[in-house]
Amino acid sequence: MAIKLNDKYLKYFLSDEEQNSQIIWDRARNAYDKIINKTGEGSEMLGWASLPEDYDKDEFAKIKAAAEKIRGNSKAVVVVGIGGSYLGSRAAIEFIKSPLYNNLKKDTPDIYFLGNSISSDYLSEVKSICENQDFSVIVISKSGTTTEPAIAFRILRGILEKKYGDNVKDRIFVITDKNGQKSKLKALADLKCYETFVVPDDVGGRYSVLTAVGLLPIAVSGADIDKIMSGAAEARKKYLDFDKNNDCIKYAVLRNLLYEKGKSVEILVSYEPAFTMMNEWWKQLFGESEGKDKKGIYPSSVIFSTDLHSLGQFIQDGARIMFETVINIKEPQNKVKIPPDSEKIDGMGYVDGMMLDEVNYKAMLGTVIAHTDGGTPNMIIDIDKRDEKTFGELVYFFELACALSGYILEVNPFDQPGVEGYKINMFALIGNPKYAKEKEEIEKRI
Ligand code: PA5
């Protein structure tokens, strides 16, 4: 199994007694029962828990066929979506392939992500990169009503219609709710005869990477989605038994114990730039799931050693409010040996002939100890390598840990009521007639 939790450095912050306290383990058992018996708040959104085995095989075959079609007719593809509708696929492509995926020599299309901001500059740049080559669009919105992707899609659809006329149907793929009454995007897709894929009702956006939402863009990149599902299925088997040695449950327990000791920020740390978007996916998963009812651990992230030269100072020495969860990727995809400095002038003869990943690993060990000594608790999650199977396992590990942790914290891990606040104000200000009254009130305050 590729994932292993190493909690040995936590002993300086949590005694054995605390880690084994009946109270926290009873709360964990209670949280676990809510998931297994579907009795917790939001239990109608537990579809992700059985997804690795219980997924729609016809839809899966359709995903593979669509990916092949896109790879065959497109030099670029634009994935339009925000939040859970893009983070998982972008994380997967960078983790499995590379953060430099678009720059690599390859026989799969370049992949751009749009509709995850309202920046006219970013949109113009992606548009100008894509419009002069053959490209397709995958538009993803579970609700089918989200403003950011709707605007980006309107613009891209216009370009595609102009460029391809009636053949545009071969280049637009829509992933949304099955119900055209609910999802305006579904209604539009039906009207225009675009191929559609369904986001299951019982799977929320941030838990949806193992549906077409994540799998279609990932498959376009050439990553093997069968291996992702089998990694997730293995994790499901491994973590679905209640046991004190179950690393997933233990992770949920430990982070709650640290929270109760005043550590209200968790920093996910990796020493691989390829993990940057995994950090973003993880932050959304935990941030939207736990941050409510004036409670929750604020999820943050860094890439080391890069950020050791910026945020490292704060983590070592600033306000003692955080703990770190370090992702240790044991095997790099490429090995690099440091050549000797034949002129012996850089004063670093001690690294001659060392492997770069060995230096990276030593940097990690040294940092874990330094931060521990500075008062920041550290736990390590060891993973074997950056591949499809590990990605599937990590997704399931964190989704389950997040749901458990949310229930331990006594919040509903599947809703996101706080997201509505900005939407109402934005709609009011851009003139949505539904919010005419709010518009007046808000404008008075600006
Ligand atoms: O996790 C969630 O539910 C959200 O982050 C959504 O994914 C995000 O708001 C996008 O929503 P939609 O897919 O409906 O456009």
Side-chain angles (χ1 to χ4, degrees), residues 62-104 106 108-119 122-131 133-144 146-160 168 170-176 183 185-186 188-189 194-199 205-206 208-223 225 228 276-278 280-281 284 391 395:
K62 248 180 76 187
I63 291 170
K64 286 183 178 173
E68 189 146 355
K69 185 169 176 182
I70 295 170
R71 286 199 300 263
N73 71 4
S74 303
K75 289 267 175 258
V77 57
V78 186
V79 179
V80 178
I82 193 165
S85 288
Y86 94 102
L87 283 163
S89 62
R90 187 160 175 194
I93 292 164
E94 296 203 7
F95 177 79
I96 298 165
K97 297 287 178 182
S98 166
L100 300 174
Y101 168 83
N102 281 353
N103 304 89
L104 296 177
K106 59 189 181 304
T108 49
D110 288 345
I111 301 177
Y112 297 93
F113 292 87
L114 209 59
N116 53 62
S117 75
I118 320 176
S119 161
Y122 196 80
L123 189 138
S124 306
E125 282 156 19
V126 172
K127 179 172 156 286
S128 72
I129 291 168
C130 295
E131 65 193 350
Q133 54 184 328
D134 281 324
F135 79 103
S136 296
V137 170
I138 301 173
V139 55
I140 309 169
S141 174
K142 178 172 176 173
S143 62
T146 307
T147 312
E148 291 89 337
I151 293 172
F153 182 50
R154 189 195 283 187
I155 293 167
L156 292 172
R157 188 159 55 90
I159 299 169
L160 285 174
V168 76
D170 291 332
R171 294 182 176 275
I172 294 182
F173 301 83
V174 174
I175 305 173
T176 187
S183 163
L185 183 59
K186 170 71 175 152
L188 173 73
Y194 303 145
E195 183 165 5
T196 59
F197 299 83
V198 175
V199 191
R206 58 191 176 275
S208 69
V209 58
L210 301 180
T211 70
V213 170
L215 296 177
L216 179 55
I218 295 171
V220 170
S221 79
I225 58 174
I228 291 178
T276 305
M277 290 308 297
M278 286 294 288
E280 297 306 312
W281 171 81
Q284 191 224 359
F391 175 78
V395 162

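What's counted below: heavy atoms across the whole structure, side chains too, no hydrogens, waters or symmetry copies. Here, residue 1 is the first one in the sequence, and each next residue gets the next number.
- With contacts defined as side-chain heavy-atom distances shorter than 4.5 Å, the pair Thr196/Lys186 qualifies.
- Side-chain contact between Leu104 and Lys97 is absent, with no heavy-atom pair separated by less than 4.5 Å.
- The distance from the NZ atom of Lys142 to the CG atom of Leu185 is 14.0 Å, given to the nearest 0.5 Å.
- We find that Glu68 and Lys64 are not joined by a salt bridge, their nearest charged nitrogen and carboxylate oxygen being 4.0 Å or further apart.
- A side chain to side chain donor-acceptor pair (under 3.5 Å) check over residues 148-160, counting only residues at least two apart or in different chains, returns the pairs Glu148-Tyr422.
- Taking OG from Ser117 and OH from Tyr122, the interatomic distance works out to 8.0 Å, rounded to the nearest 0.5 Å.
- Note that CG of Leu156 is 9.0 Å distant from NZ of Lys127, once rounded to the nearest 0.5 Å.
- Tyr194 has its side chain out of reach of Arg171: every pair of non-hydrogen atoms, C-beta onward, lies at least 4.5 Å apart.
- At a threshold of 4.0 Å, the pair Lys75-Asp110 does not count as salt-bridged, since none of the basic side-chain nitrogens sits closer than that to a carboxylate oxygen.
- A donor-acceptor contact closer than 3.5 angstrom is absent between the side chains of Ser141 and Thr176.
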> Do Asn73 and Ser136 pass the side-chain contact (heavy atoms from CB on, under 4.5 Å) test, and can you show the C-alpha distance, the side-chain angles, and the key distance before you say yes or no?
Replying inline: CA-CA 8 Å; Asn73 71 4; Ser136 296; 3.6 Å; yes
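- Among Val80, Ile70, Ile111, the single residue meeting the side chain to side chain contact (heavy atoms under 4.5 Å, CB included) criterion with Ile138 is Ile70.
- Annotation for Leu188 and Phe153: closest pair CD2-CE2, 3.6 Å, computed over non-hydrogen atoms.
- Side-chain contact between Val213 and Phe197 is absent, with no heavy atoms from C-beta onward closer than 4.5 Å.
- Looking at heavy atoms from C-beta onward, Arg71 lies in side-chain contact with Pro109 at the 4.5 angstrom threshold.
- Taken from NZ in Lys62 to CZ in Phe173, the straight-line distance is 10.5 Å, to the nearest 0.5 Å.
- Of the inter-residue distances, the one linking Ile93 atom CD1 with Thr108 atom OG1 reads 9.0 Å to the nearest 0.5 angstrom.
- The shortest heavy-atom contact between Trp281 and Val395 is CH2-CA, 3.7 Å.
- The minimum heavy-atom distance between Leu216 and Ala67, with the atom names listed, is CD1-N, 3.7 Å.
- Rounded to the nearest 0.5 Å, atoms CD1 (Ile140) and CZ (Phe113) are 8.0 Å apart.
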> Do Met277 and Leu87 pass the side-chain contact (heavy atoms from CB on, under 4.5 Å) test, and can you show the C-alpha distance, the side-chain angles, and the key distance before you say yes or no?
Replying inline: CA-CA 7 Å; Met277 290 308 297; Leu87 283 163; 3.7 Å; yes
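- The side chain to side chain contact (heavy atoms under 4.5 Å, CB included) test with Val78 singles out one residue from Val126, Ile129, Val139, and that residue is Val126.
- The only member of Ile82, Leu114, Val79 that meets side chain to side chain contact (heavy atoms under 4.5 Å, CB included) when paired with Pro149 is Ile82.
- The heavy-atom pair separating Cys130 from Tyr112 by the smallest distance is SG-CD1, 3.9 Å.
- For the pair Leu160 and Val137, the minimum side-chain heavy-atom distance is below 4.5 Å.
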